[in-house]
Amino acid sequence: MNKLILLFTMSLLFSTSAFSARNIKHCGSNAESTMKDALRFLDNNINTIINNTGDLKNGEKKRLKNKLANINFKCMDHKQVCKKKATRGGKSRHLFNAAVVICYNNIRTLLQDDAFCTLADVLIHEAGHAAGVKKDWGHNNGPNNDKVYRLGYAAADLCRTKSLDRAIRLNTNN
Ligand SMILES: [Zn+2]
């Protein structure tokens, strides 16, 4: 019982925005600057991305904006979570949904000259998971057309429409 109460208290602490503001962690300086560019694009266009996704519920929209502003984005290219799966762009499972893992160099290698808009796709996709945006059963088996994937596609499409796509520089912090 005490453990439950402690967990509940901790989750309140960690989910209160006063205790958290977005950080980019473990990215080398080039990668960090690219991550900032992609997050700035998402911040500046979040309402359009949400509208283009189509059917997000009001609660999902609110939580998504909150998570995008407050979670930590971690470049984990040096860890097994990214190394063992070359097609992994990111992963959201994390304590209290306070951070997401980004496999920055996997995205860079797979997408080459089109990497930047896919990075934006992955960042908002993982933020969507952290925000509890509804996903279809079997989501982890690969791309489908559920809300989380469509959120990422909406970001990538808008990014390409604005001619922002480009290659991204290597994350050397591994
Ligand atoms: Zn996913």
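Just follow the structure's listing: the first ligand is 1, and inside any ligand the first atom is 1. Keep in mind the model is a prediction, meaning the values are calculated, not measured.
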Exercise. According to the interplanar angle, ranging from 0 to 90°, do the rings of His129 and His139 count as parallel (below 30°), tilted (30 to 60°) or perpendicular (above 60°)?
Worked result: perpendicular

Exercise. Residues in side chain to side chain contact (heavy atoms under 4.5 Å, CB included) with Asn51, at least two apart?
Worked result: none

Problem set entry | Test side chain to side chain contact (heavy atoms under 4.5 Å, CB included) applied to Asp37 - qualifying residues, sequence neighbours left out | Arg40, Phe116, Arg166

Seminar exercise, completed: Result for side-chain contact (heavy atoms from CB on, under 4.5 Å) between Phe41 and one of Asp43, Asn45, Asn44, Leu39 points to Asn45

Problem set entry | Closest heavy-atom pair and its distance - Cys103, Asp77 | C-OD1, 3.3 Å

Exercise. Which residue pairs pass the salt bridge (Lys or Arg N to Asp or Glu O under 4.0 Å) test when at least one of the two sits in residues 49-62, sequence neighbours left out?
Worked result: Asp55-Arg150, Glu60-Lys147

For this session: Using 2.8 Å as the cut-off, note every protein N, O or S atom close to the Zn ion (ligand 1).
Result: His125 NE2, His129 NE2, His139 NE2

